[in-house]
Number of protein chains: 2
Amino acid sequence: MEVITDNSRSQMRKGVLEYCILSVLDRKESYASSLIEELKAANMIVVEGTIYPLLIRLKNQGVLSYRWEESTQGPPRKYYCITDKGRMMLLQMDKEWNEMIKTIETLRK
Amino acid sequence: MEVITDNSRSQMRKGVLEYCILSVLDRKESYASSLIEELKAANMIVVEGTIYPLLIRLKNQGVLSYRWEESTQGPPRKYYCITDKGRMMLLQMDKEWNEMIKTIETLRK
DNA sequence: TTTTACTACTTTGCGATACAAGGTATTAAA
DNA sequence: TTTAATACCTTGTATCGCAAAGTAGTAAAA
């Protein structure tokens, strides 16, 4: 996993947003505006200016792919779905996240 | 807690380092080089170029204070300790952290 | 038919963080 | 007096999250 091994720890520090997005997309594909709503429902606020560049970044890394789909109302949507590489990354992130929780528990006893 | 209310959520996303540092200093005062070692022992790698500006920032926010102390071997040390304001911030961070864990659990079910 | 409203995707510029790398200064031992 | 060890500090760079503004497709109202 050269995508994540080197800097996954520092990435995790900077934000769990990637982790959240991959988690949602691991269950079902979605498009940006919908993703924003799903994350908001889970109490993780994210705005357009954050999520669009992030989705593009993840797509360029090969952890996401997308396809256009017509909408019955409004412009076409870019549906993102997780790739095999993305699923592997997600498993790695699970590990990192659980380690982070343990680290905090250790420090905050 | 005007220090954190506005952007604590986004801060938490960016890094749990502040949380870790306050957690350590909540148990006992410490100086930068020692803090780095304590954090490393808990699996949270941090380097000088990160921690010095961060400690100064926290001190300027009034959540930490420091005093100089002579060392038996080497130059004097800047011992940081948490303030009342810092302890309140730490309690708020506990809350944010626990909410973050719940959020992730929700998304990653 | 033109305007308005809504939805959706994109880009730009800013502030803040983490870090690599290099610098300053004190103490003690070789 | 040079070297090693310890400790604090600063500079420059990359990247993230976000506010704000822009582009564009669709449909309903005027």
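All values reported here derive from a predicted model rather than from experimental measurement. Proteins get letters first, then strands, A, B, ... in listed order; numbering begins at 1 in each.
Protein atom CD1 of B/I36 is 18 Å distant from nucleotide atom P of D/dA5, rounded to whole Å. If you take CG of A/L17 and P of D/dT15, they are 18 Å apart, rounded to a whole angstrom. A/E69 has its CD atom 18 Å from the P atom of D/dG25, to the nearest Å. Counting to the nearest Å, the C1' atom of C/dC9 and the CD atom of A/E37 are 15 Å from each other. The separation between B/Y31 atom OH and C/dT26 atom P is 18 Å, rounded to whole Å. Rounded to an integer number of Å, the gap from CZ of B/R57 to P of C/dG15 is 15 Å. Regarding B/I51, its CD1 atom lies at a distance of 11 Å from the P atom of C/dA18, rounded to whole Å. One atom, CD of A/Q73, and another, C1' of D/dA24, lie 17 Å apart when rounded to the nearest Å.
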Pairs under 3.5 angstrom, nitrogen or oxygen only, protein versus nucleotides 9-13 of chain D, please.
| residue | atom | partner | partner atom | Å |
| --- | --- | --- | --- | --- |
| D/dC9 | OP1 | B/K78 | NZ | 2.5 |
| D/dC9 | N4 | B/E48 | OE1 | 3.2 |

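Looking only at side-chain heavy atoms (C-beta outward), B/L25 and B/L35 come within less than 4.5 Å of each other. Within the 4.5 Å cutoff, the side chain of A/K109 has heavy atoms near those of the B/R27 side chain. No side-chain heavy atom of A/P76 sits less than 4.5 Å from a side-chain heavy atom of A/S71. Proximity of B/V47 to B/I51: side-chain heavy atoms (C-beta onward) are nowhere separated by under 4.5 Å. Looking at A/Y80 and A/E29, their side chains never come closer than 4.5 Å, going by heavy atoms from C-beta outward.
Candidate nucleotides D/dA24, C/dT27, D/dA7 were compared by shortest atom distance to the side chain of B/S33, and D/dA7 ranks first. Distance from the side chain of A/V47 is smallest to D/dA19 among D/dC8, D/dA19, C/dA8.
Among the atoms of the strands shown, only primed sugar atoms or phosphate atoms (P, OP1, OP2) are found under 4.0 Å from some heavy atom of A/T72.
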Exercise for review: Assess whether ring-ring contact (aromatic ring centres under 6.0 Å, His included) is satisfied between B/Y66 and B/Y79, documenting all intermediate values.
Suggested key: CA-CA 5 Å; B/Y66 70 80; B/Y79 275 84; over 10 Å; no
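Side-chain N/O atoms of A/S34 and A/E38 include a donor and acceptor closer than 3.5 Å.
Considering only side-chain N and O atoms, B/R77 lies nowhere under 4.0 angstrom from the phosphate OP1 or OP2 of C/dT26.
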